[in-house]
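First up is the structure itself, then whatever we jot down about it.
FYI, the numbering just counts along the sequence from 1.
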Amino acid sequence: MNKTELIAAAAESAGLTKKDTERVLNAVIDTVTAALVKGEKVQLSGFGSFETRVREARIGRNPHTKEAVAIPATRVPAFKASKALKDNVAK
């Protein structure tokens with residue numbers, strides 16, 4: 001399912017227009033993104049939580065030249081599914 005299909009399904013489920021649903025979805029995505037940029041954790045009960053994790057610096061290899069390349073430490077977004085979501089998917 002892509003974003004357009006998600007908007008259509010949510011609009012039908014909530015009884016809203018696709019335009020209104022798209023605005024709400026974009027607002028949610030922007031809000032979650034802003035919270036992650038600040039280093040905050042976003043928890044949605046029954047769905048899961050979004051947070052940032054730190055990837056440590058490491059040495060990688062260029063596959064073409066086999067030369068060692070330093071990969072710097074970075075923050076990456078992560079999602080952890082809730083138990084309820086895992087149980088529903090496992091059915």
Under 3.5 Å, is there a donor-acceptor pair between the side chain of Ser13 and the main chain of Ala9? no
With no hydrogens and no angle check, just 3.5 Å: does a side-chain donor-acceptor pair link Lys3 and Asn26? yes
Let me confirm one number: the NZ-NZ distance from Lys80 to Lys86, rounded to the nearest 0.5 Å. 6.0 Å
Count the heavy atoms belonging to other residues, nucleotides or ligands that lie under 6.0 Å from CD of Glu5, then report whether that count exceeds 12. yes
Around Glu12, counting heavy atoms of other residues, nucleotides and ligands shown, do more than 12 lie under 6.0 Å from its CD? no
Distance from Thr74 atom OG1 to Arg53 atom CZ, nearest 0.5 Å? 14.0 Å
For the CD1 atom of Ile7 and the NZ atom of Lys19, what is their distance to the nearest 0.5 Å? 9.5 Å
With rounding to the nearest 0.5 Å, note down the distance linking CD in Gln43 to CD in Glu51. 8.5 Å
Distance only, no hydrogens: is a donor on one side chain within 3.5 Å (strictly under) of an acceptor on the other, for Thr17 and Asp20? yes
At what distance, to the nearest 0.5 angstrom, does CG of Asn88 lie from OG of Ser82? 8.0 Å
Write down the atom of Ala35, the atom of Val42, and the distance for their closest heavy-atom approach. CB-CG2, 3.6 Å
Check whether Val89 and Phe79 end up in the same hydrophobic cluster, where Ile, Leu, Val, Met, Phe, Trp and Tyr are linked by side-chain heavy atoms less than 4.5 Å apart. yes
Using every non-hydrogen atom in the two residues, find where Leu85 and Phe47 come nearest and quote the distance to one decimal. CD2-O, 3.2 Å
Would a single hydrophobic cluster contain both Val24 and Met1, if residues Ile, Leu, Val, Met, Phe, Trp and Tyr are joined by side-chain heavy-atom contacts under 4.5 Å? no
If every non-hydrogen atom of Thr33 is compared with every non-hydrogen atom of Ile29, which pair is closest and at what distance? OG1-O, 2.8 Å
Do Leu6 and Val28 share a hydrophobic cluster, counting only Ile, Leu, Val, Met, Phe, Trp and Tyr and linking them when any side-chain heavy atoms are less than 4.5 Å apart? no
On a heavy-atom basis, the closest approach of Leu36 and Pro77 is CD1-CB, 4.3 Å
As an exercise, state the distance from CZ of Arg23 to CG of Leu16, rounded to the nearest 0.5 Å. 10.5 Å
Between the side chains of Asp87 and Lys91, is the shortest nitrogen-to-carboxylate-oxygen separation below 4.0 Å, so that they form an ion pair? no
For the pair Arg75 (side chain) and Val37 (backbone), establish whether a donor and an acceptor sit closer than 3.5 Å, ignoring hydrogens and angles. yes
